[in-house]
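Residue numbers begin at 1 in each chain, while the letters A, B, ... track the order of the sequences. Side-chain atoms are counted along with the backbone in the values below, which use heavy atoms only and exclude waters and symmetry mates.
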Amino acid sequence: MTSTDVTETGVTESAATPLLEARELTRHFRVGRGFGRQMLHAVDEVNFTIGRQEIVALAGESGSGKSTIARLLAGVYKPTSGEILYQGRSTSTYRSRKDQLAYRGDVPMVFQDPFSSLNPAFRVSHGVLRSLKLHRPELSRAERFEEAERVIEAVGLSPAGDIMNRYPYELSGGQRQRIGFAQALAHKPKLILADEPVSMLDVSIRIGLLNLMAELRETQGVSFLYITHDIASARYVADRLMIMYAGHVVETGPTESVLQNPKHPYTDLLLGAVPDPRAPLSTGIEGDTGEPPKVIDPTPGCRFRWRCPLAIDRCHSETPLLRVLGKNHEAACHVAEPDAN
Amino acid sequence: MPDQLLEVRDLTVEYDTGDRPVVAVDRVDLDVHAGEFVGVVGESGCGKSTLLFAIAQLLSSPAAITGGTVRFQGQDLVTMTEKKLSALRWRDFSVVMQSAMNALNPVKSIGAQFRDTIRAHDEPVADERPAEVLRLVGIDPIHLNSYPHQLSGGMRQRAMIAMALLFTPDLIIMDEPTSALDVVAQRSLMVQIKELQKQLGFAVIFVTHDMSLVSHFSDKLVVMYAGQVVEFGDTRAVFDAPQHPYSAGLLDAFPSIRGPKVPLTGIPGTPPNLASPPPGCRFQPRCPKAFEDCPKIEPELYQVGAVQARCLLNVKEPVQERTS
Amino acid sequence: GCGGGDKPIGDAASSNPSSSAGKGGGGTGQYKKGGTVTIANVGGQTWPCQFNPFNPAVNQVALGFVYEPLTFVNVLKAGATTPMLATGFAWSPKKDSIVFTIRDGVKWSDGQPFTADDVVYTFTRMKEQPALDLYSLWTGAGLTSVTAAGNKVTLKFKAAAEPYFFNFANQVGIVPKHIWSTGEAASKPATWTNTKPIGTGPFTVESCSGNNISYVANGNYWQPGKPYVEKVQYPAYLDNNPANLDLASGKAQWGGQYIPNIDNFYKSKSPENNYWFPPTANVALVPNNDPSRPATSKLEVRQAIAYALDREQISKIGESGYQPAANQTGVVTPTFDKYFDKDALTAAGYDKPNLDKAKQLLQTAGYSESNPLKLNVITVTGYTDWDASLAVVKQQLAKVGIELTVQDLQQQSYNQKLYTGDYDLAYSSLSGGPTPYYELRQLLYSKNTAPIGKQANSNYSRYQNPEVDKLFDQYAAADEATQVKLIKQISSYMIKDVPIIPTTESVDWYQYNTKDLEGWPTQDDPYAQPAPYNIPDVGQVLTNLYSKSAQK
Amino acid sequence: MSAVVAGASAPVASATRRPRGGLFRAILRNRKAVVGAVLLFLFILLAAFPGLFVPGAHHDPQAIGDLPLQKPSGAHWLGTTGLGQDVYAQLIYSTRESLVIAVVAGLGATILSVIIGVSAAYLGGFADDGLSMLTDIFLVLPTFPLIIVLATYAGKGNLTVIIIVLILTGWSYGARQMRAQAMSLRNRDFLESARVRGERRSYIIVVEVLPTMISLIVANFLGAALYSVLTAAGLQFLGLGDPSSLSWGTMLYWAQNQGALVNGLPAWALSPGLAVALLGVSFALLNYAFDEISNPALRPVRRRRARSAS
Amino acid sequence: MRYLIRRLGFFVLTLWAAMTLNFFIPRMMPGSPEEALRQRLSKGGAVVTPEQLRTVLAEFGFDPGQNLMLQYVEYLRSMVTGHWGVSIGSSLGSPVTTLIGDALPWTLGLVGISTVLAFVLGTLIGTVAGWRRGGLIDGIVPPVFIVTSALPYFWVALLLISLFAIGSDPILPNDFNYDQGLTPAFTGEFVWSVIKHGILPAATILITAVGGWILTMRNNMVTTLAEDYVRMARAKGIPGRKIMFGYAGRNAFLPNLSGFAMSLGFVISGTILVEYVFNYPGLGYMFYNATVSTDYPLLQALFLLVTLAVLICVLLCDFAVFLLDPRARTKG
Ligand SMILES: Nc1ncnc2c1ncn2[C@@H]1O[C@H](COP(=O)(O)OP(=O)(O)OP(=O)(O)O)[C@@H](O)[C@H]1O
Ligand SMILES: Nc1ncnc2c1ncn2[C@@H]1O[C@H](COP(=O)(O)OP(=O)(O)OP(=O)(O)O)[C@@H](O)[C@H]1O
Ligand SMILES: [Mg+2]
Ligand SMILES: [Mg+2]
């Protein structure tokens with residue numbers, strides 16, 4: 001799977017360079033030490049783009065590599081191969097701390113767990129103030145405080161002056177998660193990587209944060225990579241949906257298009273499993289126990305083939321690539337039919 | 001066997017925290033009939049697990065039942081001796097815990113844990129029963145020799161359910177058995193539970209924080225908020241016409257993957273701290289429909305059509321005192 | 001009977017071993033046999049059950065008990081001799097050769113006869129195996145040959161060797177050739193464990209375990225009727241406290257222990273509990289005489305210290321009076337009264353403290369109140385009495401304006417500093433000998449010293465004076481009267497140069513219980529050094545003890 | 001000993017939770033902590049102003065008197081030593097050295113544990129392997145024999161030597177715990193957040209990690225201090241300290257040496273040990289209470305009648 | 001397999017480190033066997049020159065003139081091959097193996113038994129205390145044993161002595177391993193004597209060591225009892241005793257087991273003090289003695305032995321955890 005024509009077909013359609021582009025992004029992890037060394041393919045040759053002021057949802061089952069992609073983009077992990085182009089420039093060309101800081105300022109991250117993403121030893125303003133100090137060094141101390149108050153208020157926490165001086169344990173989960181957004185917002189970002197930012201929260205609070213995301217996109221013009229395994233919430237906020245399975249992006253396209261007309265059998269399975277009180281109970285694949293695969297030293301072939309009701313011989317020998325099957329709608333499946341129109 | 005399998009009245013549970021006790025379960029009533037699937041929903045920390053453990057008499061300090069009765073098959077479990085309880089346990093009602101990783105003893109094989117259970121009761125059990133129930137939930141009996149950590153999350157949950165079926169009890173109490181699973185696995189397990197229930201006829205109390213999950217499976221629905229039951233009724237009735245603003249808000253907080261895309265609001269604010277609940281109605285600080293009486297009068301459960309709701313908006317006729 | 005020595009050195013008052021108890025008679029069957037004596041002397045370890053007399057770590061339980069010397073030399077009686085395996089000895093006129101007459105009729109404890117050959121063998125082995133020659137007889141004393149002719153054994157030396165008589169006649173135990181010439185005893189005599197020792201001594205080892213050595217009377221012993229006591233128990237003690245307790249309770253009858261508060265703890269417990277602490281050597285402040293030490297190399301400073309000390313007080317407070325006060329001549333009294341020049345001491349004003357003189361001397365040396373003399377004295381950790389003594393010394397010196405700092409050191413560090421001369425003042429003691437010559441020679445003879453940084457043998461003060469050396473050199477060949485004169489001359493240098501400042505006299509710690517046992521050495525009858533750790537004196541005591549209950 | 005007590009340290013999640021201003025209140029509310037703190041405070045007072053607690057006649061605790069081995073009396077509250085020194089005065093004046101050993105050695109060992117433990121966890125790879133191995137080696141090395149050998153041969157047996165030896169042998173247990181905790185912190189979201197923010201590694205370790213480990217560090221210090229008190233006293237008791245110094249261990253050494261017990265002076269033989277024990281107890285109580293404070297599961301509970309009202 | 005190799009590597013490395021430390025530390029410090037010997041000899045009144053002493057020591061296998069590295073290599077070889085030489089300290093000339101052989105049974109008997117007893121007892125009491133959370137035992141256990149676990153060994157020893165072994169006719173002996181007059185044999189008298197002499201030292205070790213185990217076990221137990229599987233066991237109607245030992249106890253015990261091995265080093269330190277106070281002629285006392293008298297061969301052998309003992313115990317506990325904990329089994 002070395003062809004690069006996917007990138008060409010995938011990206012050339014948008015005239016301007018996308019905000020961020022991943023090319024053949026790959027990350028492997030070594031598991032076990034010494035003799036029993038094996039490679040876990042967490043993310044394998046993934047291509048995607050994120051446009052300006054766009055919310056891209058990344059969904060998929062647990063362990064499919066969603067967080068790994070976020071971490072690769074955030075620069076926590078180095079890619080095993082492939083590259084990340086930010087505003088057309090590869091991040092691997094960043095040498096100076098200034099370049100790196102600039103990128104980090106533009107692409108912050110919001111974490112999944114509001115209970116562990118704030119340092120319990122500091123007031124909740126700590127992270128916001130540090131971000132300001134690092135990324136907007138021109139501000140004076142007082143200005144930083146002002147600015148912090150502003151962003152904390154911007155995420156709907158008030159009175160900001162009071163909230164700022166609390167310790168994390170004095171805030172509820174929803175409030176903490178908002179602080180997480182405030183931290184990301186502090187330095188005028190272009191793209192926020194949000195790794196399951198609402199999954200740990202109660203349903204009653206979730207929607208508020210999703211609304212906040214949409215609002216931030218509108219008012220501040222930031223883009224989001226919204227990672228979730230909750231398809232319904234992805235539909236609620238995202239313009240585009242990417243579905244991952246076992247380290248591969250198996251389907252991507254405009255949210256509605258993917259939901260109404262899933263091309264990949266995994267997407268089908270996933271959508272069927274989403275409980276929806278307003279819809280009748282759908283039938284999933286009979287006998288599927290939903291066990292996700294571990295991708296250790298994989299052989300070529302479709303990674304979903306063991307669970308796939310439609311699998312053909314070819315699926316066992318050849319890894320399917322993303323194919324354009326509809327308007328902006330791509331899927332990596334040998335048997336999926338293109339749209340009629 | 002009476003139709004009324006379980007009858008919980010005025011059940012109150014307190015956690016002793018040193019200064020002020022936390023009333024995690026506050027005067028809860030609950031009825032379960034044989035073969036019924038009762039869903040209990042509510043947000044994290046509202047006292048769902050505490051309620052289940054109180055019913056099963058599994059609380060340990062600092063929690064204690066400070067009031068109420070739990071009648072199971074006509075006997076009060078609260079006042080029952082540990083010895084008599086032991087005899088009832090697992091034979092007549094069993095429990096499936098939230099996380100199977102923690103609920104299975106990590107140092108004993110699945111088979112050994114089955115054996116321990118069988119040995120603890122003098123119920124005659126065929127030797128192949130463990131294998132049989134494992135097969136029932138779709139696990140190869142070969143795993144009787146496996147240790148919990150050798151099974152995947154889904155398999156562990158299934159093994160737990162198999163274990164709960166060991167003596168074919170009348171009631172199985174389940175505490176978020178699927179919350180650790182992936183959506184696909186979650187759905188598959190739910191379908192299986194439902195099928196087993198149909199097949200074997202046991203009643204289920206099913207706790208979850210995901211309202212949509214139980215929508216298709218449960219017969220009755222109990223909505224809890226801050227230690228209290230705020231709405232109770234047939235599942236469909238609650239979904240179609242929620243009578244408590246909290247239930248309504250919960251339903252509103254679920255985006256759907258089908259149908260028109262509507263903006264949702266959710267519920268502003270945060271659940272109260274149970275050590276110092278707000279005065280009057282506990283939902284009142286977050287309630288979009290609150291009026292001046294709400295902080296003053298503590299509402300009771302009122303019958304509203306097919307359901308009961310704990311909301312002053314519904315004060316038409318107080319719920320009848322039920323006799324046991 | 002047993003013959004006397006031919007030519008005893010020194011005071012020849014007692015020459016018959018059995019008469020030493022002073023109770024008259026030839027000693028044949030004087031007392032009935034019976035009884036047991038238990039010794040309490042802390043060894044700080046369990047017994048290794050080795051009885052090799054050449055192994056310095058274990059010879060305390062072998063010599064005197066099982067192995068005997070040719071002649072016993074009594075330190076407490078200025079070197080009076082008692083014939084043992086040799087009935088007598090004769091020096092050549094130049095004192096460079098000595099002939100021992102070997103006793104007839106002595107049998108080894110395995111029944112084999114003892115002969116002159118055994119004596120020759122013992123000394124010859126020491127030449128062949130230098131590790132056996134603990135007293136450096138062949139290398140240091142100048143022994144050149146040991147030959148036997150009939151019952152005569154002749155030791156020839158390069159030069160006059162009388163000072164070594166104490167070593168070769170008294171301290172070397174004679175071993176049986178027929179045992180030591182075979183097997184491991186022959187191939188590795190120094191390390192041979194010798195668990196079942198065969199000797200000529202009054203006792204044989206009955207059994208030995210880590211906890212206890214049990215000796216029984218040697219049926220073949222050559223002194224008729226002796227030993228009177230039939231058994232000796234020598235338990236291993238790891239610590240002073242239990243040993244002291246056993247002594248106090250009478251469970252052990254013979255002690256070699258330092259017991260704090262002895263009158264209260266020991267003596268008051270029973271009228272039969274007795275002690276006697278005979279002095280044998282000096283405990284002294286050793287000033288570093290080396291010129292590299294600006295203060296202590298000054299005569300005035302040393303003198304000032306000597307004048308400032310009130311030795312009686314040191315003895316009384318620091319040593320609870322157990323150790324008597326010493327004097328500046330370096331001659332231990334009353335043990336060596338004969339050599340003591342009291343007049344010289346008084347003339348120099350050292351007989352009592354003289355603070356004015358001390359202050360004046362310090363002034364001469366350039367010290368004053370504004371420029372006080374600060375000195376450091378090293379001592380050994382764990383020597384409580386020394387610490388107390390030094391506390392007193394410190395107070396006394398403070399009175400004349402000397403600031404003394406006491407530095408307690410671990411034994412090893414202390415030794416290191418002392419031997420290599422890395423100190424101002426050291427509190428120290430050495431062992432004595434049958435006459436003051438032995439101690440003074442260790443302290444003052446220039447061949448016993450070494451440059452700073454090198455280990456000195458015994459002259460740690462680094463005192464060097466050719467005239468004193470000459471006096472020591474003359475001693476070996478001199479007759480007895482001259483020897484006394486020589487020692488008095490040497491002690492005059494002690495007064496004049498103050499190379500060493502004696503404070504108290506170190507003693508033998510000795511406790512004895514008279515409930516059942518009699519025949520103990522006492523102040524009135526000091527027939528041997530009485531503490532059980534003295535070899536071979538322990539043999540003398542054991543052959544004199546008898547059980548009272550057995551006499552009935 | 002200390003290892004065992006410290007072993008019961010709290011799980012990370014709760015250990016890192018720091019109530020604002022509440023630590024002091026939490027201590028006040030815990031009975032064990034109060035007893036421990038009061039004891040420690042008392043010892044600190046004794047160490048700082050020993051003169052206040054000693055009657056004027058005995059202000060020089062080393063002064064040699066002419067009444068040795070006296071039983072306790074009005075003049076000498078705990079009797080006198082073999083040199084006639086006042087035992088009570090010695091006891092009070094000894095507090096300082098014993099406390100200094102505990103605190104300095106405890107601090108030193110804790111600092112070393114933090115440095116080694118945290119760098120092992122943070123550097124990872126070979127550095128981690130090496131440092132962990134080193135820690136494990138020091139952990140299983142029989143330290144006390146090692147201390148004896150060190151203290152004996154390191155010459156004077158003075159305070160500095162003892163403290164250094166205690167530090168060298170006392171850090172390993174803590175380092176292991178520090179490493180474990182730092183490892184578990186390593187991938188906590190707030191640290192990742194700092195990394196994503198663009199913080200430097202050194203900043204993260206010093207500013208973000210260490211404060212969250214405070215509770216473990218304090219527990220560790222208390223454990224190490226306890227260990228130091230006991231070990232130092234043991235050393236001095238064996239005569240491997242500086243025998244002319246004033247400390248409880250040295251007092252015990254002299255008492256043992258001069259047969260305090262057999263001479264019927266239990267007050268002299270036992271009181272310094274009691275002081276060591278009390279100081280140790282105060283550290284142990286604080287340590288345990290600290291565990292309880294940071295891990296509420298361990299707190300004592302009143303066993304309520306489960307079905308009182310029904 | 002990999003696990004095994006790692007553990008073995010650790011074992012060898014630690015041993016080597018211990019041996020190296022043990023070789024160099026004494027030699028880097030002032031003092032030497034010659035001086036120690038010389039000091040001892042002067043008590044008997046003998047004046048022996050340093051040269052003569054070196055001759056004697058050389059005969060016993062100690063040659064200080066040799067190159068240090070050569071000595072080191074020689075030392076490592078002899079340690080490994082078991083040629084531990086002869087004592088050059090207060091037991092000059094006794095083979096080190098004999099000395100250790102004589103002392104070892106006493107230490108094993110006294111310290112071994114009481115340490116294991118303390119561990120077992122502590123674990124049991126801790127289990128019960130943790131199980132009956134809030135009960136009478138649990139009310140007493142933590143405060144009391146926090147105190148005992150902070151007591152110095154030697155002080156407890158002294159206290160016991162002053163309570164039981166002081167005066168002219170003490171209840172119990174406080175010194176040595178058996179009455180001095182007896183010869184070791186399997187007679188009632190001898191065995192009784194051994195027991196009598198062992199009571200106080202054993203009690204000392206028990207009192208000071210048991211507290212720590214009780215506290216850790218109790219705390220582990222409390223933590224374990226909060227686990228779901230314990231609640232689950234109750235839900236299954238499994239009898240209390242079985243839950244206490246089979247479910248909670250066993251799982252709470254596992255971390256303690258490795259703790260036990262690791263803390264053996266501490267136990268040995270206590271041993272030295274206890275044996276010293278009670279003059280118990282075991283390895284601890286011997287160690288002290290060997291140190292004081294600069295007895296290199298004995299010191300080295302003892303250190304090796306002690307390290308070996310700790311390491312073997314660590315390995316055994318690893319192995320036990322390996323057997324008892326299926327998780328560890330698959331991880332390896
Ligand atoms: N640092 C790491 N070392 C080894 N393996 C890793 C590491 N990080 C992730 N993995 C593995 O990579 C795979 C993908 O992990 P990732 O966290 O990206 O999944 P995810 O899609 O975010 O899952 P979830 O929904 O559970 O968060 C998993 O199998 C995981 O075990
Ligand atoms: N040990 C305790 N001490 C004090 N309060 C407690 C304790 N355990 C639980 N609580 C309180 O009791 C309440 C109910 O807890 P419970 O575990 O029953 O909630 P839940 O509804 O099961 O939540 P979740 O969905 O998170 O499982 C919570 O508010 C919690 O804070
Ligand atoms: Mg993830
Ligand atoms: Mg719960």
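Atom CZ of residue D:Arg197 and atom CZ of residue A:Arg130 lie 7.0 Å apart, to the nearest 0.5 angstrom. The CG atom of A:Asn119 lies 7.0 Å from the CG atom of D:Leu191; values are rounded to the nearest 0.5 Å.
Residues D:Gly198 and A:Arg97 share a closest heavy-atom pair of O-NH2, 3.0 Å. Between D:Phe190 and A:Pro120, the shortest heavy-atom contact is CE2-CD, 3.7 Å. When all heavy atoms of A:Gln112 and D:Asp189 are compared, the pair lying nearest together is N-OD2, 4.3 Å. The nearest pair of heavy atoms linking A:Phe122 to D:Glu208 is CE1-CA, 4.3 Å.
Counting only distance, with no hydrogens or angles, the side chain of A:Arg104 and the backbone of D:Arg195 share a donor-acceptor pair below 3.5 Å.
Heavy atoms of A:His126 lying under 4.5 Å from chain D belong exclusively to its side chain. Residue contact with chain D, scored on non-hydrogen atoms closer than 4.5 Å, involves the side chain of A:Leu101 exclusively.
The number of heavy-atom neighbours closer than 6.0 Å to CZ of D:Arg200, taken from other residues, nucleotides and ligands shown, is 12 or below. Atom CZ of A:Arg89 sits in a crowded spot, with more than 12 heavy atoms from other residues, nucleotides or ligands closer than 6.0 Å. Residue A:Arg27 places its CZ atom among more than 12 non-hydrogen atoms of other residues, nucleotides or ligands, all under 6.0 Å distant.
If you tally non-hydrogen atom pairs under 4.5 Å between each of A:Gly180, A:Gly105, A:Ser131 and chain D, the highest count goes to A:Ser131. In terms of non-hydrogen atom pairs under 4.5 Å with chain D, the most contact-rich of A:Gly75, A:Gly127, A:Ala186, A:Ala184 is A:Gly127.
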